[in-house]
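Here is the structure we will look at, set down as structure tokens.
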Amino acid sequence: MHPTTPPGDGSAANAGALAELNAGLAALGQQESPQAVDGRVRALVDAITADAGVDRGSAPRGPAPLPVVAHGIDADGALFGAFDPDRARAVIDDSLDAAVVQAVLRRGGLGLDAGRLAEPVGAIRARYAEADAGRPVDPADPHHQVVRDLLADRPALTRLRQLVGDPELDVPLPQAEAVTRFLDAYPRFWAVLVPRIKAIRFESRTADGRGGGVFNIDHDHVIYLSKLRATPPGAYVRLFVHETGHATFEAVLLAGHEMPCELDTDQVRELVGKTDPDTGILARKLRGYWDGMSASARIFYHAWLTLRVDRGRHLFGLDLWQDPAGHRLDPGQRRRYQADNFTEFCAEVFAQYAMGDLHPHVAAVLADHTTPADVRTAWRNAWQVLDTVAAPILGDRAR
């Protein structure tokens with residue numbers, strides 16, 4: 001789920017030079033005394049934490065934009081918890097069932113509770129099939145508006161198939177509509193995304209064990225999204241935008257270079273007190289990576305160090321429903337997820353920023369003076385980086 005250097009960056013050609021550098025570092029490590037290693041590690045920690053609390057940020061300006069796609073089940077933002085994810089999954093056999101259930105959820109459940117969600121599915125399927133064959137939708141039908149919603153969503157699937165080059169793509173109609181609505185909201189974004197990836201694979205099992213989405217760092221530069229038929233479109237599109245955040249915002253912020261695990265998981269301070277040669281070698285590598293990071297990347301990293309404490313208590317999380325293994329992607333899980341890895345913070349916050357979710361959250365945090373000052377500074381600094389790095393990636397919002 002991390003970004004990788006875009007194809008054609010010359011990494012293969014540099015492999016020999018990198019091997020030579022590693023060999024040189026190994027030789028230096030063997031020569032360093034324990035005291036020298038300890039000094040190197042402490043200097044690394046000092047370099048990473050220097051100026052972490054300096055306020056270089058800004059605040060969201062103007063009124064909060066409407067979300068590109070409503071996060072809640074319906075347009076009024078009803079809580080996802082109104083329906084049980086497992087029960088929603090139980091009434092779905094195929095993508096048309098999924099489209100019907102998602103459309104019902106999008107309209108607030110039509111007065112049904114989770115236990116009765118299956119009742120209208122068969123009738124709505126039949127009405128949609130008739131309408132798809134050309135029979136007019138009867139306004140007297142109690143489900144006519146859901147059928148009309150599905151008919152309105154149908155062109156989005158055709159367009160998504162064309163965009164990703166998959167004529168057999170079978171994403172449920174409301175999910176396809178949510179993805180294309182995001183792309184329409186930022187008309188320039190697709191042109192930025194495409195050169196940084198090789199493909200997008202919807203309904204792929206590759207991501208099933210990775211929370212439903214993955215940008216593959218190992219070899220193929222492909223965004224994979226699982227088959228998530230019970231997931232409401234507002235959550236589904238946010239999972240999609242999260243993965244694009246790895247490929248774009250994170251990749252730009254880190255200049256296409258994979259962040260070492262010790263930095264990505266905030267484990268550098270755990271090296272203090274270790275004085276073996278291998279630790280000295282690692283400290284040199286980490287210092288080289290840190291020194292090569294841009295000012296914006298360091299500012300964003302410092303913000304994360306503050307916001308990640310207490311399992312992400314100061315981070316922002318939205319309910320993204322459920323992954324293919326049945327794990328709840330609730331707000332607490334999403335905060336912990338960002339807290340564990342800086343790269344996941346990059347992707348998640350990019351999605352929140354792009355979808356219009358983050359503006360009201362940050363504005364509220366900055367207006368609440370009971371919030372610790374360092375937390376307000378961290379969000380101001382993070383917002384500044386989003387405005388200067390993420391906004392140009394997205395381009396101007398069209399709606």
Side-chain angles (χ1 to χ4, degrees), residues 1-3 64 67-73 77-86 88 105 175 178-179 182 207-215 223-226 228 230-250 253 264-266 300-301 303-365 371 375 378-379 382-383 385-386 390:
M1 303 184 75
H2 307 287
V68 175
V69 178
H71 165 254
I73 288 174
L79 295 176
F80 279 40
F83 289 84
D84 182 274
D86 288 324
L105 294 180
Q175 291 180 347
V179 171
F182 167 74
D208 285 359
R210 303 285 295 277
V214 59
F215 178 63
I223 290 175
Y224 295 96
L225 286 174
S226 295
L228 296 166
T231 301
Y236 183 83
V237 70
R238 284 163 173 81
L239 290 169
F240 167 75
V241 180
H242 173 104
E243 298 308 328
T244 70
H246 282 302
T248 59
F249 173 65
E250 182 191 338
L253 197 66
D264 191 35
T265 56
D266 188 22
F300 210 65
Y301 190 86
W304 173 71
L305 290 179
T306 297
L307 298 173
R308 72 176 298 269
V309 300
D310 297 334
R311 306 191 77 191
R313 181 165 60 92
H314 300 299
L315 292 167
F316 180 49
L318 288 171
D319 194 334
L320 298 188
W321 201 245
Q322 189 180 72
D323 75 2
H327 301 126
R328 284 290 285 118
L329 307 180
D330 60 25
Q333 187 273 340
R334 299 315 289 176
R335 289 191 293 270
R336 293 190 298 273
Y337 189 60
Q338 298 172 68
D340 287 344
N341 297 84
F342 173 69
T343 47
E344 298 304 339
F345 171 69
C346 290
E348 191 85 345
V349 171
F350 174 80
Q352 295 165 355
Y353 179 79
M355 295 302 298
D357 305 318
L358 194 62
H359 186 292
H361 172 78
V362 174
V365 168
T371 301
V375 173
W379 272 122
W383 189 266
V385 174
L386 290 165

Minimum side-chain heavy-atom gap Val349-Phe249 below 4.5 Å: no
Nearest 0.5 Å please: distance from the CD atom of Glu243 over to the OH atom of Tyr224. 12.0 Å
For this output row, return yes or no: ring centroids of Trp383 and Tyr353 closer than 6.0 angstrom. yes
Is the shortest heavy-atom distance from the side chain of Leu225 to the side chain of Gln175 under 4.5 Å? no
Tell me which one of Asp330, Thr231, Asp86 satisfies side-chain hydrogen bond (donor to acceptor under 3.5 Å, both in side chains) with Gln322. Asp86
Looking at the rings of Trp379 and His361, which for Trp means the six-membered one, are their centres under 6.0 Å apart? yes
For Phe345 and Arg308: C-alpha separation, side-chain torsions, deciding distance, then whether side-chain contact (heavy atoms from CB on, under 4.5 Å) applies. CA-CA 9 Å; Phe345 171 69; Arg308 72 176 298 269; over 6 Å; no
Heavy-atom closest pair, residues Gly317 and Arg335: N-CG, 3.7 Å
Taking side-chain hydrogen bond (donor to acceptor under 3.5 Å, both in side chains) as the criterion, tell me which of Arg334, Arg336, His246 meets it with Glu344. His246
Start with the C-alpha distance between Asp340 and Thr265, add both sets of side-chain angles, then the distance that settles side-chain contact (heavy atoms from CB on, under 4.5 Å), and finish with yes or no. CA-CA 6 Å; Asp340 287 344; Thr265 56; over 6 Å; no
Could you tell me which non-hydrogen atom of Ala339 sits nearest to which non-hydrogen atom of Leu315, and how far apart they are? N-CD1, 3.6 Å
Are side-chain heavy atoms of His71 and Met355 found at a separation under 4.5 Å? no
Taking Arg238 for its side chain and Val69 for its backbone only, find out whether a donor-acceptor pair lies under 3.5 Å. yes
Indicate the atoms forming the closest heavy-atom contact of His314 with Thr306, along with that distance. CD2-O, 4.2 Å
Looking only at heavy atoms, which two atoms of Ala207 and Val214 are closest? And how far apart? CB-CG1, 3.7 Å
Is there a side-chain contact between Thr244 and Phe350 in this structure, where contact means two heavy atoms from C-beta onward sitting under 4.5 Å apart? yes
Asp266 and Trp304, any side-chain heavy atoms less than 4.5 Å apart: yes
State the CG-CG distance between Leu253 and Leu386, to the nearest 0.5 angstrom. 9.0 Å
Is the backbone N or O of Asp357 less than 3.5 Å from a side-chain atom of Gln352, with the two atoms forming a donor-acceptor pair by type? no
So Val68 and Val237, side-chain contact (heavy atoms from CB on, under 4.5 Å) or not? Walk me through it. CA-CA 10 Å; Val68 175; Val237 70; over 6 Å; no
State, yes or no, whether a side-chain contact exists between Phe300 and Phe342 at a heavy-atom distance under 4.5 Å. yes
Chi angles and distances behind the side-chain contact (heavy atoms from CB on, under 4.5 Å) call for Gln338, Leu307: CA-CA 9 Å; Gln338 298 172 68; Leu307 298 173; over 6 Å; no
Please find the pair of heavy atoms, one from Gly211 and one from Leu329, that lie closest to each other, and give the distance. O-CD1, 3.9 Å
Indicate the atoms forming the closest heavy-atom contact of Thr371 with Val365, along with that distance. OG1-O, 3.8 Å
Look up atom CG in Leu318 and atom CG in Leu358, then write down how far apart they are to the nearest 0.5 Å. 9.0 Å
Would a 4.5 Å heavy-atom cut-off, applied to side chains only, mark Trp321 and Leu228 as touching? no
